[in-house]
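Following: one structure in structure tokens, then a few remarks.
In listed order, ligands and their atoms are each counted from 1.
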Amino acid sequence: MSKRLHYSVRMRSSRKDAHISGAEGIYDKDGIVEVVKEYTERALMHEKGRADEIRLTIEELKETPRKISSLPLCTLNTKKPEAVRKAAFKILSSIGITERAIEEALHSLTMGITMRGAMLMDIEGVRLEPDLLRGVRVTRMGITPNADAILSKQLAKAGLRNSTVKEALILASKVHKYPMVLGEICISDDPNYTTGYIASRAYGYIRLPHIKRRGEPYGGRTFFITGGEVKELIKYLQMTPVLIDKIKPCEGILTLKEILERKSHRKSGSRE
Ligand code: PML
């Protein structure tokens, strides 16, 4: 029997060289035409404006994608950026990230320069990525049709019907499979999208409503790294194809106390 081929399909759109939207997934041959149409429509109709350039990449993957499960998801009950900031310090410092690093990450994410990729930062706040202006872009990830249907159902039940959550969860699930990544904080660079997230293996994917005020155009991602070979990590983030085929629970809104208690439960329970 011949090996089933997978393709990474990626889209990036821009206007006057400024990023507008991006999307990607892993598909088999039969899914390519439909997804190219969907990505193209998305690029042409984005609320940030009409793209004047749309770049589509369709690449046959030489490696069979690694199958993983998604991170469990929940939403923190925050209403203001100040409360999110406090919660971010509590959650991230409880997994070993120093206050200095958290401060540095929040400062860099909110100072107005949006990088294309993520910052890599050690737990003391020192930047590790080779290109400090571009950062590291995570690519070659996707979700199987079956897992996608389950995720859509679970997100809808939690009142979350948007593709932004789904795509961010897929990306974070890939990132946090790599043991060197301890935690992540993300702020969307879309001025109209004010929910960010913290992700980690310890707590899963925690959505953070009101991480910024409407209209603020900055954003980005910081991955907090511990030990290991940064070159290998970058290779994994950029090159290793990963497909989500199992969905962990998606819950509703929780308090900070409830979330912090989770970690100790997870520690004593089984870990995947
Ligand atoms: C991005 O723009 O890629 C960040 C999206 C953050 C999504 C947060 C959420 O609503 O879960």
Could you check ligand 1 for N or O atoms lying under 3.5 Å from protein N or O atoms and list the pairs with distances?
from: ligand 1; atom 1: 2 (O); to: Ser188; atom 2: OG; distance (Å): 3.2
from: ligand 1; atom 1: 3 (O); to: Arg221; atom 2: NH2; distance (Å): 3.3
from: ligand 1; atom 1: 10 (O); to: Tyr193; atom 2: OH; distance (Å): 2.5
from: ligand 1; atom 1: 10 (O); to: Arg207; atom 2: NE; distance (Å): 3.2
from: ligand 1; atom 1: 10 (O); to: Arg207; atom 2: NH2; distance (Å): 2.9
from: ligand 1; atom 1: 11 (O); to: Tyr205; atom 2: OH; distance (Å): 2.7
from: ligand 1; atom 1: 11 (O); to: Arg207; atom 2: NE; distance (Å): 2.9

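Partner of Arg12 under the side-chain contact (heavy atoms from CB on, under 4.5 Å) criterion, out of Arg116, Glu24, Glu53: Arg116 alone.
By the 6.0 Å and 45° rule, Lys174 stacks over the aromatic ring of Tyr236.
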Residues 27-37 side chain polar contacts: donor-acceptor under 3.5 Å, at least two apart:
from: Tyr27; atom 1: OH; to: Tyr39; atom 2: OH; distance (Å): 3.3
from: Asp28; atom 1: OD2; to: Arg4; atom 2: NH2; distance (Å): 3.0
from: Lys37; atom 1: NZ; to: Glu41; atom 2: OE2; distance (Å): 3.3

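Glu99 and Lys86 are not joined by a salt bridge, as no carboxylate oxygen comes within less than 4.0 angstrom of a charged side-chain nitrogen.
No side-chain N or O of Lys235 forms a donor-acceptor pair with one of Thr240 less than 3.5 Å apart.
The distance from the CE atom of Met180 to the CG atom of Leu182 is 11.0 Å, given to the nearest 0.5 Å.
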